[in-house]
Structure formats: C-alpha cells, structure tokens
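Chain A is the first sequence line, chain B the second, and so forth, proteins listed ahead of strands; every chain is numbered from 1. Atom set for the values below is all heavy atoms of this structure, side chains included, hydrogens, waters and symmetry mates excluded. The model shown is predicted, which means the values in this text are computed figures rather than measured ones.
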Number of protein chains: 2
Amino acid sequence: MSKQSIKLTVDAVVFGYEEGNISVLLIKRKYEPFKNKWAIPGGFVLNDESLEEAVERELQEETGVKINYLEQLYTFGEPSRDPRGRVVSIAYFGLVRPNTFKIFASTDAAEVAWFNINELPQLSFDHKEILEIAIKRLQGKITYEPLGFELLDKKFPFSDLEKLYSTLLGRGIDRRNFRKKIIGLNVLDELNEKVSKGSGRPANLFQFNQKRYFQLKKEGIIFEI
Amino acid sequence: MSKQSIKLTVDAVVFGYEEGNISVLLIKRKYEPFKNKWAIPGGFVLNDESLEEAVERELQEETGVKINYLEQLYTFGEPSRDPRGRVVSIAYFGLVRPNTFKIFASTDAAEVAWFNINELPQLSFDHKEILEIAIKRLQGKITYEPLGFELLDKKFPFSDLEKLYSTLLGRGIDRRNFRKKIIGLNVLDELNEKVSKGSGRPANLFQFNQKRYFQLKKEGIIFEI
DNA sequence: ACAAAAGTGTTTGTAATACACCCATGA
DNA sequence: TCATGGGTGTATTACAAACACTTTTGT
C-alpha cells in the first residue's frame, strides 16, 4: 500500500447582501494553477489549526474579511479536482455585512471583489459546483430559519428584510403576510427611530432580538414564506 | 511554513432497521489506538479513490456490508481528535436493510455488530459525537423526506412503515393521520398480496413507487408527521 | 368466542393565502 | 399636489390534529 499523500484545503463561500443584491466574495488567483482566474478564497490547512481557524485565517489573509457567521458546507474530494495532485477541500459557507469592512487583496490573491450571484465570472477548479451548492444551501436555509441577522445592518427598515427574502427566493412575496409572519415570530424589536430613503414615507427601524433569534434557530423553526 | 502532514480518513455511520429497532453498525478495533474498543467503521483514504469509493471499500472490507444509500454527513477536523497525529475524517451516513447480507469482521476489525442506538458501548476517538450528529440528521431527514425505502424490505405491510417512523421519532403517531398522509403522497403502490404475522388480521403489502419516491426526494418535500 | 392486528371518516382548529387601500414624507 | 415607498385587516381555503369503532384472521 502506497503512503497517503493527500493535501487538505479549506474554501469559503462568503455571501454578502447590500441594497437588493446578493453577492459572493471572490479572489483573482495570483499564482498557478488558474493564475489570474477568479476563485473562492481558501487555502491549505496548517498542521495545528482547526478547520474553522484555517478558514478564518485564509479569509482574513486573502481578503481582509472577518466573518461573523460560518458553517461547514460540504467536502469535495474527487481525485481529479485539482491539477496539482490530490487535494481534498472542505468548503464553508459564510455570511457577512459587506459594508462593515474594507476588502483588500493580499498573499495569494491579486484582486478581491464582490460579484452579484447572477453575474459570476468563470471560476477555477470545481468552484462553480461549490458555489452552486452553497447557493442552494442559502436558499434552503432561509426557508426554515429566520436568517437576516447575519446579513442586514443592526438597525434596518422592515423593507430591507422583505427585499432580502424576495431576492434570495427569486420571487415576489406578499408584503402583508410576510410582515405578519415575521412579527408573529417575535424576533424583531421595533425601535422608535425612523429613516427616510429620499422619497416616500419614512420607515420605522427594527433590530433583531438576539436572545429570541438564537433560541428560534436552536429550536430549528420551520418557516414557510 | 512547515509542510502539511495531515492524514485523511472516512468513517461511516450505518443505520439499519429491523423489527422495531434502529441499530448502528460498529466494529471492535483490532489495533492500537483504542485496541478492542468499539468504533465506527472507516479508514484511510487511498490516493486515487474518491471519498465515496473509500467509504464503500472500507465498509466492505471491515464489515461485509454493501451500502445502498450513502450521503456525506460532516467533516471532523479538530487537531486533537486522533492520538496518532493530525487526522481529518469525513463522516458519511448510510442506510441499509440488515437482513439482506451477512456481516463479518476482517482487516482492521476484530468484531462487527449491530447495536441498538439506545444501548451503545463506549466509543473510540470522537465517534460518540459523530454518532450523535448522525442520529440527529436521521431524525431530521425523516421529517422532511419520505425515508423508508432504504430501510424497509421491498414489500412490507403498512404497519412496518408506521413502526419505523414512530421508532425513529421516539413517540407514538396517529395511525389514521399517518396513513392518510403517506397514501396522499402517492409514493406507495398497494399490492394484491397479504401477509399474516401470526395473529390478527393479515396486512396488505405495499412497495415504494421508485419513480415517484425519487421525484419527491428531489423536490425536497416537507412532510410533517 | 376472543384476542390481535388491520383498516377506515368526520369534525375541529389553526395557519396559509389572496387581496387593496390609506398614510407620511420630499420634491 | 403628486410621486414614492410605508403601513395595515379580513375573508377564504387548505391542512393538521384529535378521535373510536369495525373487519379479518388465528387460536
């Protein structure tokens, strides 16, 4: 039996949401293979760090992003997925508020950018497949968990949440029913602040009630929109 | 930067169901570490095989089981999870009909056995945690997919399905409502055969309509019992 | 005839859906 | 005053839940 020589990487599909757009964080690779092609950020796991630590480190190094929600997505291990040899990659799935920090490219990345998930460039390795699975997971999650906390600003008008959902689901939703349901979940605290978006009636601001929010998540609420 | 030296294994949590009991396939380890302790079957991934091939090979080698349903569960990568050094394990989740083959121990396994999931022995490594996650997944899956096909005989009386669900969910279910719902899904074909279990009225046999079954799974039906 | 499991409908409550107008502000 | 987005209630429908007796067989 030949000695095992498999390399391990982690990759992170990071979604952000801003003004009606869902975007994904990608880097342009500085080195071969796939030099100057876009890819999901990630890299080799060090011997003494956990997988999560590896993802967070790579993200920070390559893009400047500090993630606040991270979960494991899937492990990709087809022998031919990397031209350098056998590389198994554990893919993660993350959510961030893009406007809370500046992205910058460094180490292995020549460039970093947010891409709208409907306007993706060609991707390296099997990253297209990874991204597709991540998008499905995102859409799946949002139908049985009240996501949003991780993607929206601390305080937000209700219409932001509404837009987030209808963007994510790719279809219109009934505003009245949606509001009824969310309010009924008791996860939002209504604030006594208003914000105006140029024209139209100013909107009341809301924020997530964290205690209730994480409790609901733990209970694994089912939540049909 | 030191060279990466991480080993990769796969582990398989295999569930079987027979006569009102859900059991898990375990092996007794023949070698150190954890010699003579029970563990989830699994082993090192070879350089040129896919992860799924590795799982199926290890299962076959160690236990004689040929699996007919397999999905990836989670990847465990804590640096300290294996005393031999850094070992990352990709855990799989499988379902079989225990009575369709004979289990036998070989290669790394000194013994193989089915354990009722309520009477588990002490386990090696972090296998207890892996098993707990697998059990949760099994319970989760059954509430949104019509599982059963993978665990029951080809032809079965309706009460078998009923018992499977109530065992898996750990609570009684309303027979009438359950039957209504399942029949309404149209996944079962009723046969013109009866089977008698010693005493009581003989039961009609059913079988899964595979086309409809896999179609429903793909649609990701939600299915509250 | 009785024990044991199979088979079968109806009612009630609850949650999802469909649907349209008024309100508050800035230009 | 008009354009723009914010905010709200009711009626209908569909599905989940609760509930108990009859049927068919073996002993």
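Counting heavy-atom neighbours within 6.0 Å of Lys136(B) NZ, excluding the residue itself, gives a total of 12 or less.
In this entry the distance linking CZ of Phe156(A) with P of dG5(D) reads 20 Å, nearest Å. Between the P atom of dG7(D) and the CZ atom of Phe158(A) lies a distance of 9 Å, rounded to the nearest Å. Atom P of nucleotide dT17(C) and atom CG of Asn177(A) are separated by 7 Å, given to the nearest angstrom. Here the P atom of nucleotide dT23(D) and the CZ atom of Arg201(B) are 9 Å apart, to the nearest Å.
Between the side chain of Lys194(B) and the base of dT23(D) there is no donor-acceptor pair of N/O atoms closer than 3.5 Å. For Asn204(B) against dA6(C), no side-chain N or O and base N or O form a donor-acceptor pair under 3.5 Å. For dT10(D), the base has a donor-acceptor partner in the side chain of Lys180(A) [N/O atoms by modelled type, under 3.5 angstrom].
In this structure, Asp160(B) does not pair ionically with Lys155(B), as no charged nitrogen and carboxylate oxygen lie closer than 4.0 Å.
Counting heavy atoms from C-beta on, the side chains of Phe208(B) and Lys154(B) never come closer than 4.5 Å.
Comparing Arg175(B) and Arg176(A) along DNA chain C, the residue whose closest nucleotide (by nearest heavy atom) sits nearer the 5' end is Arg175(B).
Not a single donor-acceptor pair under 3.5 Å links the side chain of Gln207(A) to the backbone N or O of Phe156(A).
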